[in-house]
Every structure is written in structure tokens, then in C-alpha cells.
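Computed from a prediction, not measured in an experiment: that's the story for all the values here.
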Amino acid sequence: MTTTKGIGVSRGVAVGELWFRAAKITAIDPRAVADPEAEVKRFQDAKAKAIAQLAILYTQTEEKLGKENSILFQIHQMMLEDLDYNDSIVGIIREDRVCAEYAVQETAKKFADLFETMDDEYMRGRAADVKDVSERVVGILTGNGSGFNTGEKPCVLASDDLTPSETAQIDPKTVLAIVTSGGSPTSHTAIFARTMGIPAVVAVDGVSLQEYVGKTVAVDGSTGEIFIEPDAAVTKELARKEREQRELAERLERFRGKKTVTADGRAVDLYANIGGPQDMEAVLKSDAEGIGLFRSEFLFLKRSTLPTEEEQFQAYSSVVSKMNGKRVVIRTLDIGADKQAESFNLPKEDNPAMGMRAIRICLTRPEIFKTQLRALYRASSFGNVAILLPMITSAEEIVQVKNICAEVKEELKRQEISFHPDVEIGIMIETPAAAVISDDLAPLVDFFSVGTNDLTQYTLAVDRQNKTIARFNNTHHKAVLRLLQTAADNAHRAGIWIGICGELAADESLTETFVKMGIDELSVAPSSVLSLRAKISEVCSV
């Protein structure tokens with residue numbers, strides 16, 4: 001028996017014969033062309049065919065995985081129409097006089113690299129989308145096509161990586177589990193696997209999966225463990241574990257539709273974090289009581305032009321309307337640091353995490369901020385919107401923001417555009433400065449939301465992007481927890497609520513600590529909602 005490990009991204013246990021999905025497309029050589037304009041036409045024709053294929057895939061995915069998951073393939077169509085993407089491809093063809101497929105592949109690499117260098121795990125997962133749409137176009141140009149079929153025999157599907165469109169076409173009847181060398185927990189491949197109930201493990205390291213084609217493989221989608229030719233003891237243990245997981249899932253289902261309440265009766269708001277409208281299917285299935293963090297920067301990344309007010313309004317309102325009156329906390333743009341956007345033309349900084357980012361950009365370039373605020377206030381007429389301001393460090397910043405909000409509301413009123421006049425405004429507590437003076441800040445806002453990732457980074461002076469010092473990034477450090485308690489106490493003295501939207505919110509070893517601190521709201525990944533609700537029901541608030 002051989003064992004290896006990756007990251008478990010979709011729970012469940014499966015045993016079956018390994019079938020390997022080889023990469024569709026190998027590296028393309030920069031074949032020289034005599035007529036670049038003819039090559040541009042080849043690309044445009046292939047792009048049109050790819051868009052037509054994606055329209056069909058959208059319909060198929062809607063029937064199979066639901067509308068919210070199928071929206072991804074509308075986004076893929078939009079990616080193919082993106083001006084930056086197209087300009088890059090056409091520019092390479094014309095300037096280097098090379099074939100279209102090489103230009104597409106080089107552009108895909110450039111855009112994917114941009115996403116993969118970001119600190120935000122969700123945004124890193126978007127690299128797969130760029131690769132997916134590009135591989136589709138390259139496949140059309142080279143005649144390799146797209147899609148695959150594992151056959152009728154049930155198997156464990158292995159691959160270096162699977163694109164979202166490949167995963168969407170998987171038949172759960174013939175694929176017992178998914179194992180990939182690449183991928184991430186927030187990739188659409190992982191999301192689709194969870195939706196279909198297929199155990200999945202990604203980022204398997206240190207073993208060539210292709211070497212084990214035809215071998216019996218056992219996959220544990222919870223722990224990420226993979227057993228090649230498992231012995232009787234492992235097979236028995238996995239069967240026991242599968243039974244326990246099934247029983248746990250049945251137990252958690254008993255918490256669906258119920259309020260989140262501690263053992264001594266104190267209610268806690270249990271919300272979900274999302275990175276865009278495409279995550280709504282997971283939110284609705286999770287039974288979250290609201291959305292505690294809607295990251296808006298997806299609208300600003302990977303483009304050379306700023307999103308229009310209408311684009312932003314459509315994205316925000318589509319989410320708000322689906323939540324049927326439940327609170328949706330939308331964070332204003334958090335560009336800068338690891339999330340660089342070409343359209344902002346930000347200068348290179350030695351330490352961007354402490355540089356021009358988030359609210360500092362908004363207050364420096366209020367015309368961009370006002371466009372986003374107009375879209376947010378317009379979306380408020382469709383439901384319960386709350387606006388969250390990132391990287392606040394002073395009362396003066398809050399006053400400036402509220403003055404801009406007043407201007408926006410007055411403009412909308414004059415233009416007779418519908419909006420809710422009393423949208424909640426809150427701030428992120430993600431710097432020691434904000435926590436320390438939270439007694440000054442609380443009277444100026446309606447709520448606090450703690451970003452524990454940045455709060456830990458700034459408190460401990462540990463760059464969370466620096467892997468060599470990752471072991472010093474102690475999220476349980478007393479200093480971090482004391483700052484949290486300070487913010488919570490000051491929020492309640494001012495009569496406002498406080499939540500946690502950082503990764504620490506889902507850490508069940510701290511759930512009782514947070515409840516006893518008086519934290520009013522926890523916002524986590526949709527997949528963690530029922531488990532955390534069960535945990536909260538076991539702890540006391542005093």
C-alpha cells in the first residue's frame with residue numbers, strides 16, 4: 001500500500017480504480033505566420049465558437065448544478081469578450097507575427113499568473129477560470145476540442161488539474177472521487193464537486209498520479225488522504241469513517257432552518273462570506289442567516305478599465321434580491337496590497353500591505369468611490385444592504401466617508417433614483433489602531449466587522465504572504481484576542497453590533513471564546529455554517 005496526501009475539498013470516502021485524465025493541451029510553439037490579420041481572424045472565429053459552446057454548457061450546468069453554479073459560464077463568456085484579454089492576444093499576433101493559439105496561451109499565462117500571486121485564496125482560484133476559457137479557444141484552434149468521457153465503468157478520476165468546464169461535465173454515476181495535483185479549496189472544481197456530492201482531494205504533492213492508472217485507490221475527501229492499493233485495515237477504517245460522516249451530516253441537517261443559539265439561549269447571527277454572485281448557490285444551500293462579507297474587488301480585477309455603475313449595481317442587486325431581506329454586508333473595494341488592479345495605475349511600493357490600499361484609495365480618488373457608493377445605495381432598494389469600509393484607522397476617515405455618502409444620497413434623491421436612506425455603515429477592525437481607538441470609532445458607525453487575517457498580520461508584524469515565517473503567524477496570540485475583546489467591549493458600550501468575518505470565525509476551537517467575548521455575528525465559508533451552528537449550540541455565553 002502506498003499513501004499520499006493533498007487538501008480535502010469535498011467530504012466523503014470512495015474506493016475505485018484510478019483513471020487518469022491527461023492534459024488536453026501541451027505547450028504551443030510560437031509558429032511564425034505570414035499574414036497576422038488572417039491569424040487575428042482565426043482567433044476571432046475560434047472565440048465566437050467558444051462563446052457558443054459556453055452558452056450550451058451554461059444551460060446544461062443550470063439543469064445539473066443549479067443557476068448559481070451555471071452563472072460561471074456566463075462569466076466565462078464575458079472573459080472572452082474582455083478588452084484586455086483580447087487586446088493582449090491580438091497584440092501578440094500582430095507584433096510578434098505568431099499563430100493565434102500561441103498568443104492565446106501566452107495571454108492566459110499572464111492573466112493566470114496575476115491571480116495566482118494574490119494572497120486572497122478566492123482570487124487565486126480564479127486563475128483556473130482564465131486557463132479554462134483559454135484552453136477552450138486553443139482546443140478549437142488546434143482541433144483538439146473539449147470535454148471528456150471516463151466511460152461507463154465507475155472510477156476515481158485523477159488529473160494534474162481539472163478545469164471548471166470539465167468538472168461540470170462529470171457524471172457522478174461514473175466518477176466516484178476526484179483527485180488532482182493542482183487546484184485549491186475555493187476553485188470552481190472544488191465547488192462543483194461539493195455540489196455533486198463527489199469526494200475530492202486537490203493539491204496532491206510528491207507522487208505522480210498517472211503511474212497508478214488501473215490500481216485500486218481509496219480517497220478520503222475530508223482529510224485529503226489517498227491510499228493506493230489499500231489494505232484490509234484501511235478499507236475497514238474508511239468504511240467506518242464514511243458511516244460516521246453520514247451520521248454527522250444527518251445530525252447537522254437537524255440544525256437546518258433553525259436559529260443559531262448558544263446553550264444558554266443567546267442568539268448569534270451566523271452569516272456567510274462570498275467573493276461574487278457565483279457563490280450564491282452555496283450560500284442558499286448553507287442556510288446562512290445573511291452575508292457577512294461580500295468582497296466587491298472581483299469587479300475591479302483583471303481589467304484595464306473601471307467597472308461602470310451599472311455593472312456594479314447589477315452584481316450587488318442580484319445578490320441582495322436573492323437574500324430576501326436578510327442582511328448583506330458589502331465591503332467597498334479593497335484594492336492594493338496583494339490585489340493589484342491595472343485600471344488604478346498604482347505605483348510600485350516596497351511594502352504594499354501598508355501602502356495605498358482600500359479606503360486610502362477611495363478617499364484619494366473619490367470619483368471611483370462615489371460610483372461604487374451609488375451602485376450600493378441603488379442596490380439597497382432590493383433588500384437589506386450594509387456597507388463595510390476596509391482599513392479604517394481614524395475617526396477622520398469615517399467622517400470623510402460619511403460626507404461622501406451624504407453627497408451620493410443627495411444626488412440620487414435629486415435624480416429620483418430609488419434607494420434606502422438608512423443603509424448601515426460599518427468598519428473593518430483589521431489594524432491595531434482601529435481596535436485601540438474603537439471607543440472613538442464606535443459612536444460614528446453602525447457595526448464593526450473584524451478582519452482577523454490582517455489584524456493578526458499587523459499586530460504580530462508578520463507578513464502573511466511570507467511563507468518562511470508562517471509559523472510565527474499565530475492567530476491565537478493573546479495580543480490579537482485582547483484587541484478583539486477591546487473592540488467588542490467598545491462596540492457594545494456604543495450600542496452597536498460586532499462580527500468577525502476573517503478566517504478565525506470558523507475556528508471551532510475559539511467559538512466559545514468568541515461567544516463569551518460577546519461577538520454578535522460570525523461570517524464563514526458557506527460549507528462551515530451548519531457545523532458552526534451545531535458548535536454554538538453546545539457553548540455558553542457566560
Side-chain angles (χ1 to χ4, degrees), residues 24-25 40 42-62 67-93 100-118 120 122-141 146-147 161-169 183-184 186-189 191-192 275-279 295-308 310-312 314-315 318 339-343:
K24 281 190 309 186
I25 298 170
V40 169
R42 273 188 74 227
F43 160 64
Q44 291 171 340
D45 290 345
K47 182 183 76 171
K49 187 173 181 180
I51 290 172
Q53 289 179 355
L54 286 165
I56 295 170
L57 186 55
Y58 168 82
T59 302
Q60 293 172 339
T61 306
E62 183 177 16
K67 188 173 183 62
E68 296 304 325
N69 282 319
S70 68
I71 286 173
L72 171 66
F73 299 111
Q74 285 186 332
I75 294 171
H76 279 199
Q77 293 175 63
M78 292 167 62
M79 282 182 172
L80 286 174
E81 298 283 16
D82 182 79
L83 288 177
D84 296 336
Y85 181 82
N86 282 265
D87 287 349
S88 175
I89 292 168
V90 172
I92 291 172
I93 293 172
E101 46 266 50
Y102 175 78
V104 172
Q105 195 168 77
E106 286 299 291
T107 295
K109 185 177 185 303
K110 179 178 75 173
F111 280 81
D113 286 348
L114 172 67
F115 283 121
E116 286 172 343
T117 56
M118 293 179 181
D120 186 275
Y122 176 85
M123 297 312 301
R124 287 200 303 271
R126 303 292 67 78
D129 296 319
V130 176
K131 293 175 182 176
D132 193 356
V133 295
S134 301
E135 285 182 5
R136 181 175 294 277
V137 175
V138 172
I140 293 168
L141 287 164
S146 61
D161 203 357
L162 289 172
T163 64
S165 61
E166 287 175 332
T167 311
Q169 295 174 76
S184 74
T186 56
S187 68
H188 280 101
T189 294
I191 293 168
F192 290 174
Q278 68 277 3
D279 295 335
R295 304 174 181 90
S296 66
E297 51 270 15
F298 77 98
L299 287 159
F300 296 82
L301 297 168
K302 203 197 71 61
R303 55 189 297 167
S304 61
T305 57
L306 292 165
T308 64
E310 192 62 27
E311 283 180 275
Q312 294 188 61
Q314 291 296 335
S318 69
K339 295 185 285 288
Q340 295 294 322
E342 185 182 346
S343 56

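With respect to Gln314, the side chain to side chain donor-acceptor pair (under 3.5 Å) criterion is satisfied by exactly one of Glu310, Gln312, Glu311: Glu310. The side chain to side chain contact (heavy atoms under 4.5 Å, CB included) test with Ser165 singles out one residue from Glu135, Arg136, Gln53, and that residue is Arg136.
Without hydrogens or angle criteria, Gln77 side chain to Phe73 main chain gives a donor-acceptor distance under 3.5 Å. For Asp132 (side chain) and Thr163 (main-chain N/O), no donor-acceptor pair under 3.5 Å exists by modelled atom type. No donor-acceptor pair closer than 3.5 Å links the side chain of Thr107 to the backbone N or O of Val104. A distance-only check finds a donor-acceptor pair linking the side chain of Thr189 to the backbone of Leu162 [under 3.5 Å].
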Inset, instruction - Go through Leu54 and Leu80 one step at a time and tell me if the side chain to side chain contact (heavy atoms under 4.5 Å, CB included) criterion holds. - result: CA-CA 10 Å; Leu54 286 165; Leu80 286 174; 3.7 Å; yes

Legend entry - Pair Phe192-Leu72, side chain to side chain contact (heavy atoms under 4.5 Å, CB included): steps then yes or no: CA-CA 11 Å; Phe192 290 174; Leu72 171 66; 3.6 Å; yes

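Considering OG of Ser134 and CG of Asp129, their distance stands at 10.5 Å, rounded to 0.5 Å. Distance check: Lys131 NZ to Gln105 CD gives 11.0 Å after rounding to the nearest 0.5 Å. Interatomic distance, Gln169 CD to Leu57 CG, rounded to the nearest 0.5 Å: 5.5 Å. Expressed to the nearest 0.5 Å, how far CD1 of Ile89 lies from CD of Glu101 amounts to 11.5 Å.
In terms of heavy atoms, Val130 sits closest to Ala108 at CG1-O, 3.8 Å. Annotation for Ile93 and Ala103: closest pair CG1-CB, 3.6 Å, computed over non-hydrogen atoms. When all heavy atoms of Ala315 and Pro277 are compared, the pair lying nearest together is O-CG, 3.9 Å. The shortest non-hydrogen separation linking Val137 to Ala46 is CG1-CB, 4.0 Å.
For the pair Asp45 and Lys49, the salt-bridge criterion is not met [side-chain N within less than 4.0 Å of a carboxylate O].
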